[in-house]
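Structure first, then comments.
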There are 2 protein chains.
Amino acid sequence: MKKTETRIQKKNHSAIKAAGLKVFAQFGFRGSTLDQIAAESGLSKPNILYYFASKEAIYEALLAQLLTDWLQPVRDIDPAGDPVEEILKYAKHKLKMSRLYPRESRLYATEIIQGAPRIKSVLTGELREVVENLTLLINHWADAGLIRAIDPYHLIFSIWAMTQHYADFDVQVKAILGERDHFEDAEQYLEDMLRRMLTV
Amino acid sequence: MKKTETRIQKKNHSAIKAAGLKVFAQFGFRGSTLDQIAAESGLSKPNILYYFASKEAIYEALLAQLLTDWLQPVRDIDPAGDPVEEILKYAKHKLKMSRLYPRESRLYATEIIQGAPRIKSVLTGELREVVENLTLLINHWADAGLIRAIDPYHLIFSIWAMTQHYADFDVQVKAILGERDHFEDAEQYLEDMLRRMLTV
DNA sequence: CGTTAGTTTGACCAGTTGGTCAAATTATTA
DNA sequence: TAATAATTTGACCAACTGGTCAAACTAACG
């Protein structure tokens, strides 16, 4: 598909995606304008449309990238590993992504809040499947007595909710806690919570 | 302020706010248009601007209403009540609001994700103060040995995150769980989690 | 160095945006 | 019922929207 990408193409594609991420994450698809992305990326509007067919194409490129990054760590959970540690590893990974890539998290959040018009098929397809497998694994662990019996779906939701909260509601968290880094405390709380939920 | 509001004013003000809530919650402030709100409310665009000075005025009226509804249940927590039950009552109340008023939750979420440009002062003011008081109470309870020692801030964040998740990420939750009502299971999970976190 | 392929842009366009306003319509009240 | 106040609207506007395009410019390469 992308056999030969020139130096300039590579640079500009990523500059546009970086700018698009910044703008879309803040204003959502409809609230964002090509002029904003142009200003943010330092390119002219027609130049942006030379590299991406449309505003929507930029948005979809970002979403596609995001979804693979989102799903991979779930797939990386090792069924042969220690259950509590595996779940903890996943949760911590998710939290770290919230700290390092809060804009990606916000972009995803706005898309979902708006009804996920462009990725609903991924939600009911790939995401659902990946989650289904994870719930089976969790139930299997519970049956084997390795963790406490627990609703696997809501366990997963609680991990998502708590980790993404720190990225999506960053302003609110900072308004309450101040500007200093709070991710260390968050991780400790999350670990404590999960251990209590998973061990008998 | 609103001494005499005629029958028609009352009807149209609330029709516009209802329509605005629906539209703003889905598309955010910048992504929403007066034409959408007009269509949704059944009024003409100039007629809407007869009742509200601007698009922004509608949005701010909604946010103001929302914030008081948001803060009240925190204030209603009874310092003299049973700690675990009080916190549980609050969490369940929050979850119920997610079920009954998901659009309000989404409107708030989009505003926060976008950096809370219009309510940052409320966050660092009223909200912070109310949360501060709650953390003092929780610490007090912990000191008295009525609940386990716990980081009160992240406890609050976890309640917010988990309850609002079911409203804000409704599409995703439904993509995974199907269309049937999942709030009963969510409440059970939430209660289980909080009891485990709060009791020794 | 000259040619070609890749890149950038100013000018432009049709549709949409929030908002205005005078005039028409409807409700209220004396 | 007549006059007054409140409500509604069609026509309109300037600014902005995503997108186009031919022409100018720059990089790559034989």
Side-chain angles (χ1 to χ4, degrees), chain A residues 1-64 107 110-111 114 117-118, chain B residues 1-64 107 110-111 114 117-118:
Chain A
M1 194 156 262
K2 41 187 73 172
K3 275 281 158 60
T4 40
E5 209 181 26
T6 69
R7 172 180 54 90
I8 298 176
Q9 280 167 350
K10 200 179 291 185
K11 187 190 60 171
N12 286 346
H13 271 133
S14 74
I16 292 167
K17 284 199 275 187
L21 175 63
K22 211 164 174 176
V23 175
F24 285 133
Q26 190 168 24
F27 300 107
F29 178 72
R30 290 192 33 181
S32 303
T33 72
L34 280 175
D35 286 308
Q36 284 178 286
I37 298 171
E40 186 66 41
S41 68
L43 301 177
S44 69
K45 191 168 64 172
N47 203 8
I48 284 179
L49 291 166
Y50 173 73
Y51 289 102
F52 286 88
S54 64
K55 174 183 161 185
E56 189 148 11
I58 306 172
Y59 188 76
E60 281 174 355
L62 287 168
L63 269 186
L107 176 67
T110 58
E111 171 69 14
Q114 298 181 4
R118 294 151 231 275
Chain B
M1 192 157 263
K2 41 187 72 172
K3 276 278 158 64
T4 39
E5 209 182 24
T6 70
R7 173 179 53 91
I8 297 177
Q9 280 167 351
K10 201 178 289 184
K11 186 189 61 171
N12 285 347
H13 271 133
S14 74
I16 292 166
K17 284 200 275 185
L21 175 63
K22 211 165 175 176
V23 175
F24 285 134
Q26 189 168 26
F27 301 107
F29 178 72
R30 289 192 34 179
S32 303
T33 72
L34 280 175
D35 285 308
Q36 284 177 286
I37 298 171
E40 186 67 40
S41 67
L43 301 177
S44 69
K45 190 167 64 172
N47 203 8
I48 283 179
L49 291 166
Y50 173 74
Y51 289 101
F52 286 89
S54 64
K55 174 183 161 185
E56 189 149 10
I58 306 171
Y59 187 76
E60 281 173 356
L62 287 168
L63 269 186
L107 176 67
T110 59
E111 171 69 12
Q114 297 181 4
R118 293 151 232 274

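Every chain is numbered from 1, with letters handed out A, B, ... down the list of sequences.
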Going by number, which of residues 30-44 of chain A have a non-hydrogen atom under 4.0 Å from DNA chain D? Ser32(A), Thr33(A), Leu34(A), Asp35(A)

Residues from residues 49-57 of chain B lying under 4.0 Å of DNA chain C - heavy atoms: Leu49(B), Ser54(B), Lys55(B)

Span of DNA chain C engaged by chain B, first through last nucleotide within the 4.0 Å heavy-atom cut-off, is dT17(C) to dT28(C)

State the CG-CZ distance between Leu63(B) and Arg118(B), to the nearest 0.5 angstrom. 8.0 Å

Qualifying residue, where the test is ring pair (Phe, Tyr, Trp, His ring centres under 6.0 Å) with Tyr59(A) and the options are Phe27(A), Phe24(A), Phe52(A): Phe24(A)

Rounded to the nearest 0.5 Å, what separation is found between the CD1 atom of Ile58(B) and the CD1 atom of Ile37(B)? 4.5 Å

Can you name the side chain to side chain donor-acceptor pair (under 3.5 Å) partners of Glu60(A), sequence neighbours left out? none

Could you give the distance from OH (Tyr51(A)) to OG (Ser14(A)), rounded to the nearest 0.5 Å? 11.0 Å

Just the table, please: protein N/O against nucleotides 26-30 of chain D N/O, every pair under 3.5 Å.
residue	atom	partner	partner atom	Å
dA27(D)	O3'	Arg7(A)	NH2	3.3
dA28(D)	OP1	Arg7(A)	NH2	2.9

Quick test of your reading: applying side-chain hydrogen bond (donor to acceptor under 3.5 Å, both in side chains), list the pairs with at least one residue in residues 22-31 of chain B, sequence neighbours left out, ordered by first then second residue. Gln36(A)-Arg30(B), Lys22(B)-Glu40(B)

Between Ala53(A) and Ala57(A), which heavy-atom pair has the shortest distance, and what is it? N-CB, 4.0 Å

Check: Lys17(A) and Ser41(A) side chains under 4.5 Å, non-hydrogen atoms: no

Can you tell me if the side-chain N/O atoms of Asn12(B) get under 4.0 Å from OP1 or OP2 in dT8(D)? yes

What are the two closest heavy atoms between Ser54(A) and Leu49(A), and how far apart are they? CA-CD2, 3.9 Å

Whole Å only: how far is the NZ atom of Lys45(B) from the P atom of dC12(D)? 14 Å

Interatomic distance, Ile48(B) atom CD1 to His13(B) atom NE2 [nearest 0.5 angstrom]: 11.0 Å

Output for pair (Ile16(A) CD1, Leu21(A) CG), nearest 0.5 Å, gives 13.5 Å

With rounding to the nearest 0.5 Å, note down the distance linking CD1 in Ile8(A) to OG1 in Thr6(A). 5.5 Å

Intermediate values then yes/no, side chain to side chain contact (heavy atoms under 4.5 Å, CB included), Phe29(A) and Lys55(A): CA-CA 9 Å; Phe29(A) 178 72; Lys55(A) 174 183 161 185; 3.7 Å; yes

It should be established whether Gln9(B) places a side-chain nitrogen or oxygen under 4.0 Å from OP1 or OP2 of nucleotide dA6(D). no

